[in-house]
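All of these numbers come straight from a predicted model, not from anything done at the bench. Letters go in sequence order (proteins before strands), and every chain restarts at 1. Heavy atoms only: backbone and side chains are in, while hydrogens, waters and symmetry mates are out.
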Number of protein chains: 2
Amino acid sequence: MNPEVAAEVATTQARGRRTRDELVAAAAAAYGDVGFDGASLREIAKRAGVTHAGLLYHFPNREALLAAVLERRDELDAERLNVQLPPALGPLDRLIELAAYNEGNPSIVELFVRLAAEATSDPHPARAYFRNHYRLAREFAASGFRQLRDEGRLRAGVDPDVAAVGFIALMDGLQVQWLTDRSAVDLKTALRHYVEQMLEKP
Amino acid sequence: MNPEVAAEVATTQARGRRTRDELVAAAAAAYGDVGFDGASLREIAKRAGVTHAGLLYHFPNREALLAAVLERRDELDAERLNVQLPPALGPLDRLIELAAYNEGNPSIVELFVRLAAEATSDPHPARAYFRNHYRLAREFAASGFRQLRDEGRLRAGVDPDVAAVGFIALMDGLQVQWLTDRSAVDLKTALRHYVEQMLEKP
DNA sequence: CCTACCGATCGGTAGG
DNA sequence: CCTACCGATCGGTAGG
């Protein structure tokens, strides 16, 4: 292959990757607006500037696109949780900061709330993803409560694992109420209030 | 109208009411399985033993059926919360008992989780219902925390309104995790743990 | 990547 | 309540 042809292949592949990324972003936005069940390939493709057959050139079927969206979301979450926050912050503070960040991005919150609800049905393609996601989230929160216990700050009678299940559930449930009525709920206040009540006074 | 004709009309109306009730129950079950967006009139009608055009004889359109389902759910909830429990129980204990009861009826939990998530999108026909539902639920829980405060049992620094938002959010979030992985969550334990941490030791 | 198509299914209506 | 139909939309495929 001569250099000119090689360069042409490279730019063609780069354009392909860009289209693929745009399709993933468009799908995430569409799932957030109307859910996975409600978002058609035609609607997603139109948002990315291609036909729905063009979408299926990049992803073999509907489920493969969903898998790519969830993968991308995990990448972004990991970046936000581990990289973009001060290293001194504990797990619980990191989760609270993530919730506060999401308050500025309702479409991300909608994406997660809608997909999690749809995935509770048995044969849903995202069910395994969410089971694993919740397991990891609970473990992350539990590590935060264990850390507090080891520092002698946890209130007597508080079980780190039960408190962790509650913390993750609280995040989810607050998001639903917040989406339904933005003025009725303040995510950060409610999450901090929860953590404070799990602590020994001072 | 002679007596025989009157009796005939009465039984015809009774059969109509029975079919209507069966359609509402079938719709509730279908929404629980696949959500409002996923449940077709043909599927709901088949579960009730009529055609989808027969369904539309009883309900003018798709939204009217949804409204009837939500109305019926409120009736059943009110009955369970106010009638079927010991009169001495406070609001929070009543809500915990309701959650425990629902553990035996996953389809009811799915109905609520799926519809609440779908209704977060702006023009959804159930959006107003859920905004009002959450408002009432928060007020009911807040009355429970205020009651505890008046008895001198609430922990210093606990805000009854913030605690109430958290309690309702916790119920919802626990249900999502529980539906996703039944073995990972115990609703009653988590809810009791939450209320206990809002109390002064003894 | 597109045009053009497939069978299937949707909510709703006409007419009885 | 049903039969029979309507226009619209769906996910996916053929062929280029």
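Distance A:Leu55 CG to C:dT3 C1': 16 Å, rounded to the nearest Å. The nearest whole Å value for the distance from the CG atom in B:Leu56 to the P atom in D:dC6 is 18 Å.
Just one residue in the list B:Asp159, B:Val162, B:Val158 forms a side-chain contact (heavy atoms from CB on, under 4.5 Å) with B:Met198, and that residue is B:Val158.
We find the CG-NE2 distance between A:Leu70 and A:His133 to be 10.0 Å, quoted to the nearest 0.5 Å. Between the CD1 atom of A:Ile168 and the CD atom of A:Glu139 there is a distance of 10.5 Å, given to the nearest 0.5 Å.
Partners of A:His193 by ring-ring contact (aromatic ring centres under 6.0 Å, His included), not counting sequence neighbours: none found.
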Discussion item. One pair to check against side chain to side chain contact (heavy atoms under 4.5 Å, CB included): A:Arg73 and A:Ile108. What are the steps and the verdict?
Written reply: CA-CA 9 Å; A:Arg73 225 200 93 89; A:Ile108 290 180; 3.0 Å; yes
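Base pairing in DNA chain C yields stems of at least 3 consecutive Watson-Crick or G-U pairs, both distances under 3.5 Å, namely C:1-16 with D:1-16.
For C:dG12, the OP1/OP2 oxygens have no side-chain nitrogen or oxygen of B:His52 closer than 4.0 Å. Residue A:Thr19 places at least one side-chain N or O closer than 4.0 Å to OP1 or OP2 of C:dC1.
If you check C:dC1, D:dT3, C:dG12 against the side chain of A:Tyr57, the one that comes closest is C:dC1. The side chain of B:Val50 sits closest to D:dC1 out of C:dC1, D:dC1, D:dT13.
A donor-acceptor pair shorter than 3.5 Å can be found between the side chains of A:Ser183 and A:Asp181.
A salt bridge links B:Arg80 with B:Asp77; the closest basic N to acidic carboxylate O contact falls under 4.0 Å.
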Between the protein and nucleotides 7-10 of chain D, which nitrogen or oxygen pairs are less than 3.5 angstrom apart?
residue: D:dC10; atom: OP1; partner: A:Ser40; partner atom: OG; Å: 3.0

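The shortest distance between side-chain heavy atoms of B:Val185 and A:Arg138 falls below 4.5 Å.
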